[in-house]
Amino acid sequence: MQDYTIVLRNEKTNKYNTIAWLFILFNIAASIWIAIAKKDTGTTGFPYILLPTFLVLFLHYRHLKSGSKKNSFNFSFLLLAFPWIFLKLFWVAAIVFLVSILHGIAIRTLAVHTDSDKIIYPSFPKRTIQWNELNNIILKDGLLTIDFKNNTIIQQLIEKTEHPVNEKEFNDFCSKQLQPESSTI
């Protein structure tokens, strides 16, 4: 059974990461400000508030020095929820967790999986496309085009990977799947 996986380019990852950094910095500033303003935390509460802050900054500094392309924001969001929990502002901690989940969804690897039965497209939630719903699917010059019978077209650039998909093999496979089954009389 032949199948192909094509990784699509997620061009908004840098924008989402910039927004995540702004969210992290705002969170740090807000948790420190509220800890100072809130009288019942006292001086003993500051380690619970400042420790996650310094851990987040240290982890991102180490992440940047390593040159890793993998993202470490999810753990940072988890650390940023602890001061809010300590300050008994559980609804803010819930918002931090929600933003963490949404950020993870937004920057995930977008991969189109094709096999002889169906195509799985990486929307949210994942969309299963049957071959009989399509007019054509073509990979050419780094651009994946999916043409539906209902006059909808999806076009996306693909990511350059170590093991690129052979365009001719992929297009031949897809055209074979799109051919109607010959019926016997």
Side-chain angles (χ1 to χ4, degrees), residues 1-27 56 59-60 63-64 66-78 80-81 92 94-185:
M1 181 177 190
Q2 194 172 16
D3 63 334
Y4 292 92
T5 301
I6 299 172
V7 178
L8 302 176
R9 192 178 300 167
N10 192 347
E11 295 176 347
K12 296 182 180 179
T13 301
N14 288 337
K15 291 178 186 175
Y16 292 134
N17 287 341
T18 301
I19 292 169
W21 261 114
L22 291 172
F23 184 77
I24 287 171
L25 293 176
F26 173 76
N27 236 308
V56 166
L59 288 173
H60 277 291
H63 175 74
L64 291 173
S66 72
S68 173
K69 298 236 183 215
K70 190 160 170 74
N71 204 324
S72 66
F73 280 110
N74 288 338
F75 187 65
S76 298
F77 283 126
L78 178 67
L80 286 176
V92 178
I95 291 172
V96 172
F97 283 124
L98 179 65
V99 168
S100 172
I101 291 168
L102 293 174
H103 182 263
I105 290 168
I107 64 161
R108 74 191 187 285
T109 301
L110 304 174
V112 176
H113 301 284
T114 59
D115 61 32
S116 59
D117 297 331
K118 63 190 172 301
I119 300 168
I120 299 175
Y121 187 77
S123 59
F124 184 75
K126 289 184 180 181
R127 179 177 178 186
T128 302
I129 304 168
Q130 301 300 325
W131 287 102
N132 62 1
E133 299 175 42
L134 301 176
N135 282 329
N136 207 355
I137 179 169
I138 298 172
L139 178 62
K140 181 150 175 66
D141 298 330
L143 183 69
L144 178 69
T145 304
I146 304 174
D147 180 16
F148 291 87
K149 288 183 178 176
N150 66 359
N151 291 334
T152 306
I153 293 179
I154 297 174
Q155 285 189 317
Q156 278 198 271
L157 294 170
I158 64 168
E159 193 70 49
K160 294 181 183 353
T161 59
E162 288 181 25
H163 306 290
V165 174
N166 184 321
E167 288 182 4
K168 182 175 177 3
E169 286 179 14
F170 177 77
N171 291 335
D172 290 344
F173 169 77
C174 290
S175 64
K176 181 181 173 193
Q177 299 306 313
L178 291 168
Q179 291 176 354
E181 302 275 336
S182 59
S183 59
T184 56
I185 300 177

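Keep in mind that the numbers below use all heavy atoms, side chains included, and drop hydrogens, waters and symmetry copies.
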Heavy-atom check, side chain of Leu144 versus side chain of Phe170, under 4.5 Å: yes
Val96 backbone acceptor or donor facing Ser100 side chain under 3.5 Å: no
NZ (Lys168) with more than 12 external heavy atoms under 6.0 Å: no
Straight-line distance of Leu98 CG to His103 NE2, nearest 0.5 Å: 13.0 Å
Heavy-atom pair of closest approach, residues Glu159 and Asn10: OE1-N, 4.2 Å
Exceeds 12 heavy-atom contacts within 6.0 angstrom, atom CG of Asn151: no
Value rounded to 0.5 Å, distance of CG in Asp117 from CD1 in Ile119: 11.0 Å
Spatial distance of atom CG (Leu80) from atom CZ (Phe26) [nearest 0.5 Å]: 12.0 Å
Spatial distance of atom CG (Leu102) from atom OH (Tyr16) [nearest 0.5 Å]: 10.0 Å
Short N-O contact, Asp172 and Lys176, less than 4.0 angstrom: no
Approximate separation, where rounding is to 0.5 Å, of Ile154 CD1 and Tyr121 OH: 4.5 Å
List the atom pairs, donor and acceptor, that lie under 3.5 Å between side-chain atoms in residues 128-142 and the rest of the protein, sequence neighbours left out.
residue: Trp131; atom: NE1; partner: Asp115; partner atom: O; Å: 2.9
residue: Glu133; atom: OE2; partner: Gln130; partner atom: N; Å: 3.1
residue: Asn135; atom: ND2; partner: Phe148; partner atom: O; Å: 3.3

Validation row: Thr114, Gln177 side chains within 4.5 angstrom (heavy atoms): no
Heavy-atom closest contact (Leu8 atom, Pro122 atom, distance): CD1-CG, 4.1 Å
Asn14 side, atom CG; Ile107 side, atom CD1 - distance, nearest 0.5 Å: 10.5 Å
Side chains of Gln2 and Ser116 in contact at under 4.5 Å (non-hydrogen atoms): no
Shortest non-hydrogen contact between Gln155 and Leu143, atoms and distance: NE2-CD2, 3.9 Å
Any side-chain heavy-atom pair of Phe124 and Arg108 under 4.5 Å: yes
